[in-house]
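Given the structure is predicted, the values throughout are model-derived calculations rather than measurements. Protein chains get the first letters and strands the later ones, always in sequence-line order, with residue 1 at the start of each.
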Amino acid sequence: MEIETLKTPKNDPEYSGAPEEKSKSPYQLALRRFMKNKLAVLGVITMIIILFMSISAPLWTDHDPEQTNTAMIERPPSDEHILGTNSSGQDNWARLLYGSRISLAVGFSTMFVTLVIGILFGSLAGYYGGKVDSILMRFTDLVLALPFLVFALTLMAILNNVSIPLFILILSILSWPNLTRIIRGSFLSLREQEFVIGAKSIGASNSRIIFRHMIPNTIGPIVVNATLMIAVVIIAEAGLSFIGMGINPPTPTWGNMLNEALSVRILRQHWYTWIPPGVAIFITVLAINFIGDGLRDAFDPKSNQR
Amino acid sequence: MATVEEKQTVQTDQETILKVEDLKKYFPIKGGILKRTVGNVKAVDGVTFDVKQGETLGIVGESGSGKSTLGRMILRLLEPTEGKVLFEDHDITHLSHKKMRPFRKEMQIVFQDPFASLNSKMSVEQLIEEPMIIQTDMGKKERKKRINYLLEKVGLRASDRLKYPHEFSGGQRQRISIARALANNPKFVIADEAVSALDVSIQAQVLNLMSDLQEDLGLTYLFISHDLSVVKHISDRVGVMYLGRLAEIAPKHAIYKEPLHPYTQALLSAIPDTDVDLEKEKVKLEGDLPSPSNPPSGCAFRTRCPMAHDKCAEVRPELQHMGDGHYVACHLYDEEQ
């Protein structure tokens with residue numbers, strides 16, 4: 001009998017009465033809780049399938065998504081074109097597959113850039129406080145005050161013909177404040193915790209305290225919000241491209257495909273042109289949100305006590 | 001706890017390891033639209049004492065008396081507003097982060113809350129290893145060896161190395177904290193309410209562990225607590241704090257047998273007694289601790305003191321020597337009245 005592993009329901013969320021054989025790290029425990037969440041696992045499986053289809057796009061179609069064909073305009077689904085063709089004679093199925101690459105790449109890249117800015121600004125503001133905090137947070141407020149759609153539209157209009165990296169940059173510039181605020185908030189409360197003061201007392205450097213002690217303890221909110229941000233960005237891309245202010249045709253994106261539905265005739269008669277990208281966006285965003293919720297419950301079991 | 005034999009040694013002519021001179025910490029109160037300083041919370045208001053090599057100095061006081069602030073200032077976890085901290089005759093009050101680092105090897109702290117003081121994302125091994133990584137150039141093997149040694153020393157097993165804090169009870173976590181504090185073989189350890197969050201039975205275990213470690217490793221303790229019996233158990237000398245000031249400081253037996261300051265007398269008479277036949281004269285204190293942002297003039301204790309007189313409102317009493325290392329800050333003992 002090991003006295004050291006005595007557990008009570010109070011200090012162990014995974015308490016089941018059975019003695020634990022192998023010691024689990026907090027991350028392993030979180031993973032275990034995540035795997036118990038059926039919707040979240042379904043979300044992960046869906047995302048894996050979507051990512052796989054996206055990467056292996058050439059395996060599923062022989063058509064070039066950007067190849068126009070004046071002889072094959074607005075054809076209904078057939079053996080040759082599974083989802084028909086659009087008003088430029090491009091193959092809808094090929095555009096759906098290749099479009100997922102751009103839509104997902106925009107989502108993930110924006111999340112990544114936002115994460116870097118958010119961690120940098122948020123941790124600096126939250127850790128040092130005082131003037132650093134005031135300056136960074138007023139700047140954050142400034143960006144938050146910009147109306148997303150209007151600002152994005154204006155930038156797109158001025159810059160004209162926006163390349164994909166530039167598009168990602170614009171979305172990132174408009175998206176980082178939220179994550180920054182979340183990270184700053186949890187840093188502010190962590191700063192006063194005894195384990196952080198304890199790290200100072202052993203002479204740990206500021207960067208060590210930030211990276212080894214504070215970020216691991218705020219990883220939950222960071223991961224959850226970063227995940228949900230992918231979904232938000234995918235929708236933003238679709239929205240902007242839908243009104244023709246996103247990534248320029250002929251590059252296929254899900255938003256660009258929806259753009260066809262601006263024509264009432266296509267909206268009414270050619271469902272095969274706009275329903276598939278709509279469903280693709282819907283499923284992807286839903287899957288990401290399930291994953292995000294699953295992560296939230298996994299990292300913070302108190303948020304969802306069943 | 002009376003069963004444990006009490007240390008009778010009264011340290012004389014020992015080397016002073018830590019000297020605190022007129023240490024003050026004022027937290028500004030910001031008010032108004034312009035965030036101007038409208039006042040100060042005088043958390044610690046002029047504390048002077050020294051700690052001798054190898055002894056345990058207990059600091060008692062109620063919540064808000066500034067004991068924890070004092071401990072954190074000594075370790076430079078809070079910047080003192082005024083005063084000096086000397087560690088082994090080095091003035092460390094204004095050292096930069098970098099210059100302070102070697103001293104952090106020698107001075108350590110154990111915190112109150114065993115659930116908040118350990119980073120829950122790090123394993124026991126990582127927790128104890130970290131101070132060594134920061135402060136020494138020990139190799140991986142040496143570090144592992146020392147981790148095992150430390151774990152055994154604090155009453156845990158070497159096999160606990162790979163476990164995480166959430167797998168331990170409060171008392172065991174406090175043992176991990178102690179092992180982490182001792183990782184670099186410090187000379188001086190501050191225990192900031194180190195056993196206050198634990199059950200009484202566990203308290204005794206941890207206190208005994210700390211006493212044993214002190215003997216083995218020649219540690220010097222500054223033991224901060226609100227619990228008089230805990231302080232009595234472990235200390236050689238005891239300082240009583242009230243509203244950021246030291247009211248009385250003396251060897252343990254002197255404080256507990258013949259307290260001089262009315263506040264100390266009141267505190268001691270408030271300890272519950274198990275002997276029903278013993279009729280103790282109780283000194284009852286009226287009212288609450290005054291606000292440290294607006295402490296009473298003169299003696300801080302006069303508003304609650306049963307023996308207060310005119311002089312108490314006018315002159316702030318200084319610590320005066322009453323013989324045998326017994327110091328008290330009270331006008332009742334002024335020579336000419």
Side-chain angles (χ1 to χ4, degrees), chain A residues 1-15 19-30 32-33 128 130-131 134 189-220 222-223 299-301, chain B residues 71-72 75-78 97-98 100-124 126-127 130-135 151 155-157 159-173 175 177 180-181 183-184 186 189-190 192:
Chain A
M1 177 68 196
E2 275 192 1
I3 311 164
E4 282 78 2
T5 49
L6 273 184
K7 286 184 175 181
T8 63
K10 203 179 143 208
N11 64 22
D12 182 7
E14 281 302 306
Y15 183 72
E20 193 142 359
E21 283 177 9
K22 200 169 162 283
S23 157
K24 290 215 160 47
S25 80
Y27 299 110
Q28 289 169 318
L29 287 175
R32 206 164 64 170
R33 282 192 292 267
Y128 289 103
K131 278 199 182 107
S134 299
S189 66
L190 283 176
R191 195 164 66 137
E192 306 299 326
Q193 296 252 335
E194 284 183 347
F195 74 86
V196 172
I197 300 172
K200 274 183 203 159
S201 82
I202 58 169
S205 61
N206 289 331
S207 66
R208 185 180 188 90
I209 293 175
I210 291 177
F211 289 107
R212 294 295 305 266
H213 292 276
M214 295 173 90
I215 289 182
N217 279 283
T218 187
I219 199 78
I222 292 179
V223 169
F299 280 117
D300 183 12
Chain B
R72 288 181 187 196
L75 289 185
R76 291 282 312 283
L77 298 172
L78 275 174
H97 189 86
K98 223 179 187 169
M100 187 64 204
R101 190 168 283 177
F103 288 97
R104 298 206 181 282
K105 202 178 156 195
E106 309 291 340
M107 315 164 76
Q108 270 305 308
I109 185 164
V110 177
F111 289 103
Q112 170 172 15
D113 185 350
F115 291 87
S117 58
L118 296 173
N119 183 346
S120 60
K121 298 285 195 285
M122 288 166 94
S123 67
V124 171
Q126 290 172 315
L127 284 164
E130 193 180 27
M132 299 183 229
I133 295 174
I134 294 170
Q135 294 281 5
L151 280 174
L156 295 170
R157 300 176 182 186
S159 59
D160 290 332
R161 267 180 30 209
L162 299 174
K163 291 182 181 164
Y164 286 82
H166 69 91
E167 296 172 85
F168 295 91
S169 69
Q172 290 163 343
R173 280 163 169 244
R175 288 171 192 266
S177 289
R180 179 173 155 94
N184 284 328
V189 175
I190 295 182
D192 185 0

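The neighbour count for A:Tyr27 OH, taken as heavy atoms of other residues, nucleotides or ligands under 6.0 Å away, is above 12.
Heavy-atom pairs under 4.5 Å with chain A peak, among B:Gln135, B:Lys105, B:Lys121, at B:Lys121. Most heavy-atom pairs under 4.5 Å with chain B, from the set A:Gly198, A:Ser25, A:Pro216: that is A:Ser25. Interface check for chain A: of the options B:Met107, B:Met100, B:Lys98, B:Gln112, the most heavy-atom pairs under 4.5 Å are formed by B:Gln112.
Only the backbone of B:Leu162 comes within contact range of chain A, judged by heavy atoms closer than 4.5 Å. Only the side chain of B:Ile134 comes within less than 4.5 Å of a heavy atom in chain A; its backbone stays farther off. In this structure, no portion of B:Arg76 lies under 4.5 Å from any heavy atom of chain A. For B:Ser123, no part sits under 4.5 Å from any heavy atom of chain A, backbone or side chain.
For residues 197-211 of chain A, the salt bridge (charged side-chain N to carboxylate O under 4.0 Å, His left out) pairs, not counting sequence neighbours, are A:Arg208-B:Glu130.
The minimum heavy-atom distance between A:Glu194 and B:Asp113, with the atom names listed, is OE1-N, 3.2 Å. Taking every heavy atom of both residues into account, B:Asn119 and A:Phe195 meet most closely at N-CB, 3.7 Å. Closest of all the heavy-atom pairs between B:Ile109 and A:Ser201 is CG2-OG, 3.5 Å.
In this structure, B:Tyr164 has no ring pair (Phe, Tyr, Trp, His ring centres under 6.0 Å) partners at least two apart in sequence or on a different chain.
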Steps toward side-chain contact (heavy atoms from CB on, under 4.5 Å) verdict (B:His166, A:Leu29): CA-CA 11 Å; B:His166 69 91; A:Leu29 287 175; 3.3 Å; yes
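Rounding to the nearest 0.5 angstrom, the gap separating the CD atom in B:Gln108 from the CD1 atom in A:Ile202 is 7.0 Å.
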